[in-house]
Amino acid sequence: MHELRPVYLDMDGVYASGHVEWCDGAAMRVELPSLGRAWTVGAQVRAEVLDDVRGRCVYDGTVTHREDLALELSGLVRVATFQEREAVRVAVHEVVAATVTPAARPAGDAPGDDELKVTLVDLSAHGLRLVAPRKLAAGDTLELAVPGVEGPGGVREVPVRVAVVRTQQLNDVTHYGCRFLGHDAARTELLSRHVARLQREELRRRASY
């Protein structure tokens with residue numbers, strides 16, 4: 001579990017971040033872009049894993065093996081789990097085509113769907129946030145494609161259907177929070193891995209500054 005998810009390590013005020021290579025509940029292997037000398041075998045570590053399916057999971061464990069850019073933690077004890085909607089969300093900036101079906105159409109409007117360009121702002125395995133060129137209402141549904149998703153057969157667009165569930169005003173711009181509709185476990189896992197990959201790339205960029 002937690003494979004490829006971002007993880008933040010705290011060793012008594014010394015911090016590192018990377019991603020989970022594997023975790024079986026009792027032990028965990030973490031790969032990191034850099035690793036200081038202080039991270040030695042026997043050190044007590046708190047690991048906070050951001051898992052878009054299981055939530056934010058916090059473990060205590062002991063370093064039992066160290067490599068140049070990897071640690072193994074054993075004797076894991078889960079001390080907290082936080083099921084937050086924003087547990088793992090990544091910032092994106094993608095302009096995509098969308099087809100909008102209004103939840104309710106004003107009297108006199110002709111039936112049919114609207115096509116427009118929307119900007120994806122952030123993404124999780126369970127939903128996304130977007131900006132649209134016109135006002136949307138709670139309950140409106142949109143059909144669009146998430147670009148750049150790696151999976152069997154290479155990189156592709158993943159078609160999704162979302163429903164608007166909330167609005168938020170940020171710097172005079174309306175943001176629409178949407179949840180995915182009709183996703184099976186396979187598509188949820190595919191998007192989970194995509195989100196985890198984007199987070200790893202962001203961690204590497206930060207580490208290179």
Side-chain angles (χ1 to χ4, degrees), residues 1-7 17-21 31 33 49-56 84-103 112-209:
M1 60 183 180
H2 300 320
E3 283 78 6
L4 304 180
R5 273 48 174 192
V7 58
S17 59
H19 70 272
V20 178
E21 182 178 354
E31 293 192 346
V49 181
L50 301 183
D51 191 312
D52 45 308
V53 175
R54 295 178 175 85
R56 180 160 58 95
E84 301 169 336
R85 64 169 288 272
E86 67 275 17
V88 179
R89 304 184 73 83
V90 292
V92 295
H93 186 82
E94 299 281 357
V95 178
V96 301
T99 301
V100 182
T101 303
D113 299 332
D114 298 325
E115 295 186 358
L116 67 162
K117 297 284 189 179
V118 300
T119 301
L120 305 185
V121 177
D122 64 31
L123 176 71
S124 78
H126 301 288
L128 53 83
R129 185 158 52 102
L130 60 82
V131 172
R134 68 166 178 80
K135 185 176 180 179
L136 301 175
D140 288 355
T141 60
L142 297 88
E143 295 182 11
L144 52 92
V146 177
V149 179
E150 292 184 1
V155 178
R156 62 187 177 91
E157 294 183 339
V158 175
V160 296
R161 184 167 175 261
V162 302
V164 177
V165 295
R166 64 181 59 85
T167 61
Q168 183 180 18
Q169 201 75 16
L170 296 173
N171 298 325
D172 298 324
V173 177
T174 302
H175 291 230
Y176 298 95
C178 305
R179 72 168 184 271
F180 292 132
L181 300 175
H183 276 199
D184 56 17
R187 184 164 298 190
T188 297
E189 180 61 22
L190 181 65
L191 289 171
S192 295
R193 290 180 177 274
H194 178 59
V195 169
R197 179 177 64 83
L198 293 178
Q199 281 231 334
R200 290 199 309 277
E201 292 174 355
E202 177 62 22
L203 288 171
R204 292 192 186 102
R205 284 194 292 270
R206 291 179 183 178
S208 67
Y209 292 159

Who passes side chain to side chain contact (heavy atoms under 4.5 Å, CB included) against [X], sequence neighbours left out?
X: Leu190; answer: Val149, Arg156, Val158
X: Ala132; answer: Leu116, Val118, Leu130, Leu136, Tyr176
X: Thr141; answer: Thr101, Arg161, Ala163, Leu181

Please identify each residue that fulfils ring-ring contact (aromatic ring centres under 6.0 Å, His included) with His2, with sequence neighbours left out.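 In terms of ring-ring contact (aromatic ring centres under 6.0 Å, His included), with neighbours along the sequence ignored, His2 is linked to Tyr59.
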
For Gln169, enumerate each residue passing the side chain to side chain donor-acceptor pair (under 3.5 Å) test, keeping only those at least two apart in sequence or located in another chain.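 With neighbours one apart ignored, the set is Thr174.
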
Taken in chain and number order and not counting sequence neighbours, the residues that satisfy side chain to side chain donor-acceptor pair (under 3.5 Å) with Glu189 are Arg193

Got a second to check how far Asp114's CG is from Arg134's CZ, nearest 0.5 Å?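 If we round to the nearest 0.5 Å, Asp114:CG and Arg134:CZ are 4.5 Å apart.
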
I want to check something: taking the side chain as every heavy atom from C-beta on, are Val92 and Leu128 in contact at a cut-off of under 4.5 Å? no

Would you indicate whether the side-chain heavy atoms of Glu157 and Val96 approach each other to under 4.5 Å?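 No - every pair of side-chain heavy atoms lies 4.5 Å or more apart.
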
Could you give all pairs that pass the salt bridge (Lys or Arg N to Asp or Glu O under 4.0 Å) test and reach residues 142-155, with sequence neighbours left out? Glu150-Arg197

Counting only heavy atoms not in Arg179, do more than 12 sit closer than 6.0 Å to its CZ atom?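 Atom CZ in Arg179 is not crowded, with 12 or fewer foreign heavy atoms closer than 6.0 Å.
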
Once salt bridge (charged side-chain N to carboxylate O under 4.0 Å, His left out) is applied, do any residues pair with Asp122, and if so which ones, sequence neighbours excluded? Arg89, Arg129

List for me each residue that meets salt bridge (charged side-chain N to carboxylate O under 4.0 Å, His left out) alongside Glu21, sequence neighbours excluded, and say none if there are none.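 Scan of Glu21 (salt bridge (charged side-chain N to carboxylate O under 4.0 Å, His left out), adjacent residues dropped) gives Arg29.
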
